[in-house]
Amino acid sequence: MRKQIVIVGAGFSGMWAALSAARLADKNQHQAVDITLIAPQPELRIRPRFYEKAVRTLTAPLQPLFDATGIRFLRGTVKKITASLQEVSWQDDKGEAHRLRYDRLIMASGSHVNRSMVSGAEKYAFDLDQLESAEVLEQHLTSLAQQPESEARNTVVVCGGGFTGIEMATELPARLREIFGENAQTKIIVVERGPQPGSRFSEALRDVITQASAELGVEWRVNAEVESVDASGVTLKDGQVITAQTVIWTVGVQANDLTQQIDAPRDRQGRLQVNEQLQVVGFDDIYATGDVARAATDGRGNYALMTCQHAILLGKFAGNNAAASLLNVEPLPYRQENYVTCLDLGAWGAVYTEGWDQQVKATRAEAKKIKQSITRELIYPPKADKIAAFEIADPLAPFV
Ligand SMILES: Cc1cc2nc3c(=O)[nH]c(=O)nc-3n(C[C@H](O)[C@H](O)[C@H](O)COP(=O)(O)OP(=O)(O)OC[C@H]3O[C@@H](n4cnc5c(N)ncnc54)[C@H](O)[C@@H]3O)c2cc1C
């Protein structure tokens with residue numbers, strides 16, 4: 001009987017897992033392995049760009065690529081994983097329920113921001129985590145132009161000063177000027193629990209973030225935590241109130257809830273602990289990749305982060321190893337020694353760092369060029385061409 005690899009999710013890790021598994025099967029004359037990917041839509045959503053405008057356009061089609069590489073795509077959502085039966089239950093886009101048996105399952109269902117952490121955030125705050133929610137935020141920002149000018153209308157509070165919060169906040173001065181007019185007095189405030197802007201990052205990176213924020217007029221409230229959000233703005237734990245019609249929530253990212261259906265060790269973000277082949281601990285037939293995997297990147301105590309650069313390579317290794325286990329091929333231990341960051345800083349430019357100690361290597365326009373080449377080219381799917389796609393789906397091929 002033909003062996004079945006089932007992949008859940010068509011994000012960065014799911015797409016590359018499918019291509020990498022298909023590549024290995026192709027190399028081994030297909031030796032009776034079928035690769036099926038289930039996701040709500042056959043498109044790659046470019047999440048790292050969701051702080052930009054025209055968010056609906058930030059997708060890339062995947063069906064032609066899947067057709068060219070022999071990957072079966074099923075449009076739907078996985079609802080249940082029954083590990084004891086090696087089976088997933090999924091619902092198609094018409095609401096009909098189906099079951100699918102697997103020999104190897106690859107979990108690649110991503111992550112989501114948790115807006116239920118403080119009272120009122122779910123109802124009154126926006127986020128830019130998924131295409132749909134980023135679109136709601138964009139429509140709201142655009143609609144503000146129809147409202148009478150006021151301090152609340154012109155103020156945006158960004159909750160959380162991590163990478164997503166910083167990219168959103170530093171993009172906003174220019175975005176709001178476009179919406180309200182060049183001379184509008186706007187206020188963008190980042191609320192951050194740490195003692196300084198970018199407190200989680202290296203000193204060199206922090207200094208750049210502080211400088212860019214100052215030049216762009218982005219304010220930081222540090223040592224501050226949000227107590228609640230309501231229709232008039234944000235109340236901080238120390239009682240301060242910031243009146244704002246726009247509150248954007250960026251903290252508390254969690255692995256997709258499907259991970260909870262697998263009775264295996266997980267970290268605080270809900271990510272499944274995996275071994276170096278990316279098998280979920282205790283389940284030889286289930287692999288986890290991308291934002292749902294807690295994977296060691298090297299022998300020095302570093303772990304993959306919820307980033308594209310990790311999701312892409314994790315995906316390639318997970319797909320390769322799932323196929324290898326069915327084709328009698330030696331698996332490849334996941335290794336990802338290099339770690340870079342490239343943070344967009346709006347009209348100021350960007351900052352590029354290398355290494356886990358985040359040494360700043362480029363800033364302003366030079367780093368912006370790097371950022372744009374990453375987010376507008378490098379992370380997009382390969383051409384719908386089997387040979388070209390398989391070449392870079394090899395986990396050992398040079399990429400990022
Ligand atoms: C605003 C923002 C900015 C970011 N900026 C950067 C950056 O600058 N650099 C960087 O490296 N990373 C960045 N990231 C992180 C990066 O986008 C993620 O790490 C990456 O998308 C993870 O890839 P993934 O494949 O694990 O998940 P995703 O890309 O989220 O894909 C998950 C897939 O699973 C599908 N899915 C979910 N549930 C189910 C289900 N039940 N059944 C079937 N399919 C399902 C989804 O529809 C989707 O296709 C950013 C993220 C955000 C939100």
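Atoms within each ligand, like the ligands themselves, are counted from 1 in listed order.
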Query raised in the report: Would you say the side-chain atoms of Asp238 and Gln240 include a donor-acceptor pair closer than 3.5 Å?
Result: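 Yes, a side-chain donor-acceptor pair sits under 3.5 Å.
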**Report entry** Asp298 and Gln336: side chain donor to acceptor below 3.5 Å
**Finding:**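 Checked: Asp298/Gln336 side chains show no N/O donor-acceptor pair below 3.5 Å.
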Of the backbone atoms (N, CA, C, O) and the side-chain heavy atoms from C-beta on, which set of [X] has a member under 4.0 Å from an atom of ligand 1: side chain, backbone, both, or neither?
X	value
Thr375	neither
Ala134	neither
Val113	neither
Thr164	side chain
Ser109	both
Gln309	backbone

Please identify which atoms of ligand 1 are closer than 4.0 Å to at least one heavy atom of [X].
X	answer
Ala108	32 (C), 33 (C), 34 (O)
Ile38	43 (C), 44 (N)
Gly290	26 (O)

Query raised in the report: Could a heavy atom of Phe12 be found less than 4.0 Å from some atom of ligand 1?
Result: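 Distance cut 4.0 Å: Phe12 passes for ligand 1.
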Query raised in the report: Is the closest heavy-atom distance from Lys371 to ligand 1 below 4.0 Å?
Result: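 It does, in that a heavy atom of Lys371 comes within the 4.0 Å cut-off of ligand 1.
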Query raised in the report: What is the distance from atom CG of Asp344 to atom CD1 of Ile166, rounded to the nearest 0.5 Å?
Result: 11.5 Å
Report task. Go through the steps for Glu337 and Tyr339 under the test side-chain hydrogen bond (donor to acceptor under 3.5 Å, both in side chains), then give the verdict. Result -> CA-CA 7 Å; Glu337 300 281 340; Tyr339 172 56; over 6 Å; no
Query raised in the report: Does NZ or CZ of Arg115 come closer than 6.0 Å to the centre of the six-membered ring of Tyr124, within 45° of the ring's axis?
Result: no
Query raised in the report: Cation over ring, Arg104 on Tyr287, under 6.0 Å and within 45°?
Result: no
Query raised in the report: Between Leu278 and Phe317, which heavy-atom pair has the shortest distance, and what is it?
Result: CD1-CB, 3.6 Å
Query raised in the report: If you look at every heavy atom in Lys316 and Ile392, which pair is closest and at what distance?
Result: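 Smallest interatomic distance, heavy atoms only, reads NZ-O, 2.7 Å.
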Query raised in the report: ligand 1 and Pro40, any nitrogen or oxygen pair closer than 3.5 angstrom?
Result: no
Query - Minimum non-hydrogen distance to atom 51 (C) of ligand 1, winning option of Met107, Arg75, Glu43, Arg47 - result: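 Residue with the shortest heavy-atom distance to the ligand atom: Arg47.
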